Enquirer: 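Quick one: the structure is below, and I'll ask about it shortly.
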Amino acid sequence: MLDIKLIRENPEYVKNNLMKRGDPENSKMLDTIVAVDREWRHKLTKLNDLRHERKMLTAEVGKLKKAGKDASSKVEKAKALDSEITGIQAEVASAEEKTGDYLMRLPNLLHDTVPVGNDESGNVQVRSWGIIPKFDFAIKNHIDLGLNLDIIDIERAGKVTGSRFFYLKRAGVLLDMALMSFALEEITKKGYLPVEPPYLMRREPYEGVTALGDFEEVLYKIESEDLYLIATSEHPMAAMFMNEVLKEEELPLKLAGISACFRKEAGAHGKDTRGMFRTHQFNKIEQFIFCKPEESWQLHEELLRNAEDLVQKLGLPYRVVNVCTGDIGTVAAKKYDIEVWMPAQNAYREVVSCSNCTDYQARRLGIRYREKEGAPPKGFLHTLNSTAIATGRTIVAILENFQQEDGTIVVPKVLRKYMQDIEKINLER
RNA sequence: GCCGGGAUGGCAGAGUGGAUAACGCGCGGGCCUUGAGAGCCCGUGGACCUUCAGGUCCGCAUGGGUUCGAAUCCCAUUCCCGGCGCCA
């Protein structure tokens, strides 16, 4: 959510920034907000005047009654004033609701370094790492590899849950858990606090962390309960401190979330329909930071470096892209993606997403900070999040990049200690 | 799930229908001091109008209701504590 005061004082600045996202709706909403806000302030002043009048009247009634005198004419006046107040109060409330509603729909302001572009093709490569593997045999995709090794069962998942789910088996399970353990250990070594959050959230906190469109597009709703399955542990971690004031000395607060993630992916029909690349459920270790505004851009780079470090240790070739204005999410001010080379697709594909959400989530959630105990709140925090490792896509990358001619998979050295020292995944293991 | 008790500012905690939410701690500023502390004084939730001073409203878990007037009375909801029940 943007600061209404900023919009009031500098609407052109806000508008120019929003225009970079390429959606004309934003500009229309902004105009509406400015107009309704002006009306709201006008009516609020009127309302306050009327309330003041009633207050005076009420005080007189009190005095008269105490003195045992007749107050009926004043009481009548107060009653009449009351109905006038009720009327204007409703107008104020509806104006308030309208601005609040539009304010919740406006996306975050973009950082100056975000490249302008319409879609994915406008993303700008920042750097690349590793060597794209050359195979002197006919390579298989992760689905064939996984089926042949009996570590993935997609067909039976289809029977039980429908498309875009999978059963992991045998070494597939070990690999999944090894990735989680590896990422958690590496990230906690860097001072991130492990957190296992609830997998369900109520709507109100959920509205604080995500775009409203996500409720229809990506979130699974529990029937007849005010609960949604989390799409990432970012969400319950961000909402954890809703309506709280953190102390400056505990910042930056760095968390490592561990959870399964659930996504409907409505609107993704036809994209990556087979296999484990785009699924309704996967496991993820997520980095999350609450910090002071002045340190968030530096920490954004730290999150990216942490994520790159993990991918490098796994030995997967990748590139980093600066996601452009047309492709960046609603809540992010700037976002890097790490895209790992997927041999069977002959393309780099996203496995990590690293965002600085500035004060956008914190303002929606009411998360502020104070300099010390007893001091008044200083302002809203900044929040940042980044994948450490999402197992589904990383498993795809490992299977395809480290496949051998005989269909076996060489396990990355750093994972072996977490999976019974298996060096190679074959039909025996 | 049932019965009972509770929710007030950063914290502790009064107020049980009639203007300003008491006192304290903490925090900020000032006086004093070589400096710090102590002591003393002022301030310390949010919004709006005006901006020089200032003015007004809202705020006692959340949402309704009763009343000329609600932190205070009534109803619903949420969460916390205790007891009972159920249970991986």
Side-chain angles (χ1 to χ4, degrees), chain A residues 1-9 11 33-104 196-208 222 224-228 236 239-251 253 260 290 292 359 362-381:
Chain A
M1 188 162 67
L2 303 184
D3 185 358
I4 183 70
K5 280 182 184 159
L6 178 69
I7 293 174
R8 224 176 256 158
E9 285 159 18
I33 289 171
V34 170
V36 176
D37 176 62
R38 192 179 298 127
E39 191 186 313
W40 171 75
R41 282 180 291 150
H42 183 76
K43 284 184 172 157
L44 184 65
T45 306
K46 174 81 180 151
L47 175 63
N48 286 348
D49 288 348
L50 288 174
R51 278 176 168 165
H52 177 62
E53 219 178 301
R54 179 180 61 184
K55 229 176 190 178
M56 297 292 109
L57 215 46
T58 294
E60 287 176 48
V61 171
K63 266 186 209 157
L64 287 175
K65 290 214 168 172
K66 229 171 208 173
K69 292 181 183 156
D70 174 49
S72 57
S73 83
K74 302 259 185 210
V75 169
E76 284 311 306
K77 244 189 227 173
K79 272 186 177 169
L81 210 48
D82 235 11
S83 63
E84 195 178 348
I85 287 171
T86 307
I88 195 152
Q89 198 171 297
E91 290 175 40
V92 169
S94 94
E96 221 165 53
E97 198 183 328
K98 201 165 175 180
T99 44
D101 192 53
Y102 281 119
L103 221 42
M104 285 296 274
E196 184 170 323
Y199 286 10
L200 295 161
M201 283 172 68
R202 293 186 302 105
R203 182 160 184 127
E204 193 210 332
Y206 223 133
E207 284 182 346
I222 304 297
S224 75
E225 301 265 354
D226 176 27
L227 288 171
Y228 296 80
M240 201 170 169
F241 298 100
M242 179 167 80
N243 297 326
E244 290 192 34
V245 184
L246 303 185
K247 268 179 279 178
E248 190 169 322
E249 67 190 33
E250 53 193 356
L251 302 173
L253 182 57
F290 295 96
K292 289 184 283 178
D359 61 1
R363 182 170 285 112
R364 287 163 89 108
L365 289 165
I367 307 176
R368 296 174 294 170
Y369 72 105
R370 69 175 89 254
E371 281 173 306
K372 52 183 113 170
E373 180 72 36
K378 202 174 175 193
F380 291 105
L381 290 169

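All values derive from a computational prediction rather than experimental measurement. By convention in this document, chain letters (A, B, ...) are assigned in the order of the sequence lines, proteins followed by strands, and residues within each chain are numbered from 1. Below, each value reflects all heavy atoms present in this structure, side chains not excepted, and no hydrogens, waters or symmetry copies.
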Enquirer: Using a heavy-atom cut-off of 4.0 Å to chain A, what are the terminal contacting nucleotides of RNA chain B, in 5' to 3' order?
Expert: rG10(B) to rG69(B)
Enquirer: If you measure from the P atom in rA21(B) to the same atom in rG26(B), how many Å do you get, rounded?
Expert: 23 Å
Enquirer: Between rC32(B) and rG37(B), how far is it from one P atom to the other, in whole Å?
Expert: 15 Å
Enquirer: Quantified in whole Å, what is the C1' atom distance between nucleotide rU66(B) and nucleotide rC75(B)?
Expert: 11 Å
Enquirer: Taking for each residue the nucleotide of RNA chain B with the nearest heavy atom, is it Thr45(A) or Asp82(A) whose nucleotide lies nearer the 5' end?
Expert: Thr45(A)
Enquirer: Other residues, nucleotides and ligands only: do more than 12 of their heavy atoms fall within 6.0 Å of CD on Glu97(A)?
Expert: no
Enquirer: Take Lys43(A) and Glu39(A) through the salt bridge (Lys or Arg N to Asp or Glu O under 4.0 Å) test and state the conclusion after the steps.
Expert: CA-CA 6 Å; Lys43(A) 284 184 172 157; Glu39(A) 191 186 313; 3.2 Å; yes
Enquirer: With a 3.5 angstrom cut-off on both distances, give the Watson-Crick or G-U wobble partner of rA53(B), or none if there isn't one.
Expert: none
Enquirer: If I pick the C1' atom on rG18(B) and the same atom on rC25(B), what distance separates them, to the nearest angstrom?
Expert: 31 Å
Enquirer: In whole Å, what separates the C1' atom of rG15(B) from that of rC31(B)?
Expert: 34 Å
Enquirer: Which value, in whole Å, describes the distance between the P atoms of nucleotides rA38(B) and rG28(B)?
Expert: 12 Å
Enquirer: Tell me which of Val245(A) and Arg202(A) sits closer to the 5' end of RNA chain B, going by the nucleotide each one is nearest to.
Expert: Val245(A)
Enquirer: When the P atoms of rG1(B) and rC86(B) are compared, how many Å lie between them, rounded to an integer?
Expert: 16 Å
Enquirer: Any strand is fair game: report the nucleotide pairing with rG45(B) by Watson-Crick or G-U wobble, both distances under 3.5 Å, or none.
Expert: rC58(B)
Enquirer: In the strands shown, is rU33(B) matched to any nucleotide by a Watson-Crick or G-U wobble pair with both distances under 3.5 Å, and which?
Expert: none
Enquirer: What contact category does Lys247(A) fall into here, base, sugar-phosphate, or nothing, at under 4.0 angstrom with non-hydrogen atoms?
Expert: nothing
Enquirer: If the C1' atom of rG46(B) is compared with that of rC79(B), how far apart are they to the nearest Å?
Expert: 23 Å
Enquirer: Is there a donor-acceptor pair closer than 3.5 Å between any side-chain N or O of Glu60(A) and the backbone N or O of Leu57(A)?
Expert: no
Enquirer: Between Arg203(A) and Glu207(A), does any NZ, NE, NH1 or NH2 come within less than 4.0 Å of an OD or OE carboxylate oxygen?
Expert: yes
Enquirer: Using Watson-Crick or G-U wobble geometry with both distances below 3.5 Å, tell me the partner of rC23(B), or none.
Expert: none
Enquirer: Checking the side chain of Arg364(A) only, and the main-chain atoms of Met104(A) only, is there a donor and an acceptor separated by less than 3.5 Å?
Expert: yes
Enquirer: Taking any strand in view, what nucleotide pairs with rG82(B) in a Watson-Crick or G-U wobble way, both distances under 3.5 Å?
Expert: rC3(B)
Enquirer: Quick check for you: to the nearest 0.5 Å, what is the distance between Tyr369(A) atom OH and Glu248(A) atom CD?
Expert: 6.0 Å
Enquirer: Describe the nucleic acid contact of Lys5(A) in one word from base, sugar-phosphate, nothing, applying a heavy-atom distance below 4.0 Å.
Expert: sugar-phosphate
Enquirer: Are any side-chain N or O atoms of Arg363(A) and backbone N or O atoms of Met1(A), one a donor and one an acceptor, separated by less than 3.5 Å?
Expert: yes
